[in-house]
Visitor: 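Got a structure for you, questions after.
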Number of protein chains: 2
Amino acid sequence: MKTSGFLNDRKMRRMAVTSFEASLRQRCSNCSLREICLPLGLDAEELGKLDDLVKRRRRVFAGQHLFRAGDPLQSLAAVRAGFFKIYEVSAGGHEQITAFPMEGELMGLDAISTDAHRGNAVALEDSEVCEIPFTRLEALLSDLPRLQHQFHKLLSGAIASDHGLMMVLGTMTAELKVAAFLLNLSDRLGARGQPCAIIHLPMSREEIGNYLGLKLETVSRMFSRLRDDGLIATEGRKTEILEHKALRDLCLQGPLRA
Amino acid sequence: MKTSGFLNDRKMRRMAVTSFEASLRQRCSNCSLREICLPLGLDAEELGKLDDLVKRRRRVFAGQHLFRAGDPLQSLAAVRAGFFKIYEVSAGGHEQITAFPMEGELMGLDAISTDAHRGNAVALEDSEVCEIPFTRLEALLSDLPRLQHQFHKLLSGAIASDHGLMMVLGTMTAELKVAAFLLNLSDRLGARGQPCAIIHLPMSREEIGNYLGLKLETVSRMFSRLRDDGLIATEGRKTEILEHKALRDLCLQGPLRA
DNA sequence: GACCGGCCTTGATAGCTGTCAAAAGTAGCA
DNA sequence: TGCTACTTTTGACAGCTATCAAGGCCGGTC
């Protein structure tokens, strides 16, 4: 759960010899994520206005924080590449991972209500985000009804997916939680046109457990059980879904009818 | 978890002899919830425009559904008086209560992403809601930046409070879950200037358990334990918080440092 | 006032997950 | 190649919550 400064230094050095200029010059207009992210449904002119806003694209290295709880909300961030985890720390000091945002998903939406971030965002692998100044975004929304509607859809979708997690946390056993987690990841990758049968998990067993309300040993045991049952194949963090339908049926049937 | 049609009939008859005309003629401008709900921060002229939108105020009796999963999203609903529960049904048929909305809270926000409700809203006691046609609301938001911002704050706040529940579901033991539930209820009542030491719970033990990921027997046991420890007093659903600070400390200290 | 059904409480037991512990696997580095 | 630190896996056992069961309480009805 803690960040290795050493790791960051190493990544930093790798950074120094690599140029990201080309990728940073990407615009929403030709971004492969425009059918998932904020630009969905906009015409060329509208896209241009949004592009003017999202001028800063930023690289975040594995282990690095993009923002921390308490930071004033200046920008929302859309994941352009890579993987993040968002965790919140309770008053009692307990950490809870609330999301694993991936390509095309917005981070920081929960900060609007208080003008300050509540969560901490850490890159799980070398990643890239598009920062969207929030005050200017809100101003633009008034001019572009379609953008406003898409923004509302993304906010609403965040609530809906949180409810999905509540369902997992509240009704499922450990085995089903892990199965549902893998399916969710696979589905989201698939929706982005990425290979979704073989997944390289960017998070540790402990992080999966924290997210699902389980201990890391239990997560490991459930991976083993799903493997022994022939539903998945595992090789460290590389996980292959062998029986997609069986896995889904397992989640559907649930433990017992309530 | 199922609705008693008989109860509804009884309530319906009670309705017939009572006039709600006076309360239904309420406007946002003089609503006691304007500092919590959508009108927060608006001037008189803006309030007027919002009032024009929110013309339909509707009574919902205990046990009655306001909307059901699958219903097309036409209006958001703000609770004006009373108490609701929102529950979702998974593909496998499991029900999960995701919220207990009370005065000043919006229902149906998660429906924007798909234009259809995902949850089911049931009144836990005779209640009243203000229905806000969503398409017209979005149009008005473009004209009223302050209303737009407040709407975004409410959406964001819904995400934030969902994260709070995830924290409860993911990190707390049964005793702490129940303690946190009572505190949350008490705090929200207090924020509305209502008595918050003695609470009449509008939901059953089973509903509390469903919300918290516990069985009803466990909820009952935890009520008994908190009572035996002198933190609360109980008399059926009437619950008094005797040691507010001790209850909060209990939640803060948590089970064990992670 | 007596009956009835739903909700709540309490007890005994079983099962699942957490805890503690140790060994094996993996990645990075000298 | 060998070392080190971290992650993952697996086992044994304890503890918490679910399950099954019985009895009490309360409101509503006749």
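Naming convention: chains lettered A, B, ... in sequence-line order (proteins, then strands); numbering from 1 in each chain.
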Visitor: In degrees, rounded to 10°, what is the bend between the two ends of the helix from dG1(C)-dC30(D) to dA30(C)-dT1(D), using five pairs at each?
Guide: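 About 40°, once rounded to a multiple of 10°.
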Visitor: Going by salt bridge (charged side-chain N to carboxylate O under 4.0 Å, His left out), name the pairs with one or both residues in residues 220-231 of chain A, residues two or more places apart or in two chains.
Guide: Glu175(A)-Arg225(A)
Visitor: If the condition is salt bridge (Lys or Arg N to Asp or Glu O under 4.0 Å), which residues does Glu131(A) pass it with, not counting sequence neighbours?
Guide: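 Listed in chain order: Arg56(A), Arg58(A).
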Visitor: For residues 189-208 of chain A, pull every pair meeting ring-ring contact (aromatic ring centres under 6.0 Å, His included), keeping only residues two or more places apart or in separate chains.
Guide: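 Those involving residues 189-208 of chain A do not exist here.
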Visitor: Looking at Tyr87(A), I'd like to know if the NZ or CZ of Lys85(A) sits under 6.0 Å from its six-membered ring centre while staying within 45 degrees of the ring's axis.
Guide: yes
Visitor: Starting at atom NE2 of His200(B), determine the distance to atom P of dC26(D), rounded to an integer number of angstrom.
Guide: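 Spelled out: NE2 on His200(B) to P on dC26(D) is 13 Å.
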Visitor: Just how far, in rounded Å, is P of dT9(C) from CD1 of Ile208(B)?
Guide: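 These atoms are roughly 9 Å apart.
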Visitor: Rounded off to whole Å, could you give me the NZ-to-C1' distance for the Lys177(B) and dA18(D) pair?
Guide: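 My rounded result for the distance is 12 Å.
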Visitor: Find every protein N or O atom lying less than 3.5 Å from an N or O atom of nucleotides 14-16 of chain C, and list the pairs.
Guide:
none

Visitor: When you measure from the side chain of Ser204(A), which nucleotide among dT17(C), dT8(D), dA18(D) comes out closest?
Guide: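 Side chain of Ser204(A) sits closest to dT8(D).
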Visitor: For Ala174(B), which residues count as a side chain to side chain contact (heavy atoms under 4.5 Å, CB included) partner, sequence neighbours excluded?
Guide: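 For Ala174(B), the residues satisfying side chain to side chain contact (heavy atoms under 4.5 Å, CB included) (neighbours in sequence not counted) are Leu214(B), Thr218(B), Met222(B).
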Visitor: Does the dC20(C) base have a donor-acceptor partner in the side chain of Glu217(A) within less than 3.5 Å?
Guide: yes
Visitor: Output a table of donor-acceptor pairs, distance under 3.5 Å, between side-chain atoms of residues 182-194 of chain A and any protein atom two or more places apart or on a different chain; print 'none' if there are none.
Guide:
from      : atom 1 : to        : atom 2 : distance (Å)
Asn184(A) : OD1    : Arg188(A) : NH1    : 3.0
Ser186(A) : OG     : Cys196(A) : O      : 2.8
Asp187(A) : OD1    : Arg248(A) : NH2    : 3.0
Asp187(A) : OD2    : Arg248(A) : NH2    : 3.1
Arg188(A) : NE     : Glu105(A) : OE2    : 3.3
Arg188(A) : NH2    : Phe100(A) : O      : 2.6
Arg188(A) : NH2    : Glu105(A) : OE1    : 3.0
Arg192(A) : NE     : Glu103(A) : O      : 2.5
Arg192(A) : NH1    : Arg188(A) : O      : 2.8
Arg192(A) : NH2    : Glu103(A) : O      : 2.9
Arg192(A) : NH2    : Glu105(A) : OE2    : 3.4
Gln194(A) : NE2    : Glu103(A) : OE1    : 3.0
Gln194(A) : NE2    : Glu103(A) : OE2    : 3.1

Visitor: Tell me, with the steps shown, if Met107(A) and Leu76(A) meet side-chain contact (heavy atoms from CB on, under 4.5 Å).
Guide: CA-CA 6 Å; Met107(A) 299 184 286; Leu76(A) 302 176; over 6 Å; no
Visitor: Under a plain distance cut-off of 3.5 Å, with no hydrogens placed, do Asp162(B) and His163(A) share a side-chain donor-acceptor pair?
Guide: yes
Visitor: For the CG atom of Leu212(B) and the CG atom of Leu176(B), what is their distance to the nearest 0.5 Å?
Guide: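 One gets 11.0 Å once the value is rounded to the nearest 0.5 Å.
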Visitor: Using a strict heavy-atom distance below 4.0 Å, which residues from residues 218-232 of chain A are in contact with DNA chain D?
Guide: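 Residues of residues 218-232 of chain A under 4.0 Å from DNA chain D: Ser220(A), Arg221(A), Ser224(A), Arg227(A).
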Visitor: Which part of the nucleic acid, if any, lies within reach of Gly209(B) when heavy atoms closer than 4.0 Å are counted: base, sugar-phosphate only, or nothing?
Guide: nothing
Visitor: So if I take residues 233-244 of chain B and measure heavy-atom distances to DNA chain C, which residues fall below 4.0 Å?
Guide: Arg237(B)
Visitor: Rounded to the nearest angstrom, tell me the gap between atom CE in Met203(B) and atom P in dC7(C).
Guide: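 My rounded result for the distance is 15 Å.
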Visitor: Show me the pairs that pass ring-ring contact (aromatic ring centres under 6.0 Å, His included) and involve residues 228-249 of chain B, at least two apart or across chains.
Guide: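 Checked against ring-ring contact (aromatic ring centres under 6.0 Å, His included) - neighbours excluded - no pair reaches residues 228-249 of chain B.
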Visitor: Figure out the CZ/C1' separation between Arg205(A) and dC6(D), and round it to whole Å.
Guide: 14 Å
Visitor: For Met203(B), run the side-chain contact (heavy atoms from CB on, under 4.5 Å) check against Phe181(B), Phe84(B), Tyr211(B) and tell me which one passes.
Guide: Phe181(B)
Visitor: With rounding to the nearest 0.5 Å, note down the distance linking CG in Asp71(A) to NE2 in His65(A).
Guide: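 The distance works out to 9.5 Å.
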Visitor: Could you tell me how far apart Leu216(B) (CG) and dA21(D) (P) are, to the nearest whole angstrom?
Guide: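 It is 15 Å, rounded to the nearest whole Å.
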Visitor: I need the CD-C1' distance between Glu175(B) and dG15(D), as an integer number of Å.
Guide: 14 Å
Visitor: Nearest-Å distance, CD (Glu206(A)) to C1' (dC6(D))?
Guide: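 Rounded to the whole Å, the gap is 11 Å.
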Visitor: Taking side chain to side chain contact (heavy atoms under 4.5 Å, CB included) as the definition, give me every residue that meets it alongside Ala246(B), ordered by chain and number, with sequence neighbours left out.
Guide: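 Partners of Ala246(B) under the side chain to side chain contact (heavy atoms under 4.5 Å, CB included) test: Leu231(B), Glu243(B).
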Visitor: Going by the rule ring pair (Phe, Tyr, Trp, His ring centres under 6.0 Å), which residues pair with His117(A) if we only count those two or more places apart in sequence or in a different chain?
Guide: Phe67(A)
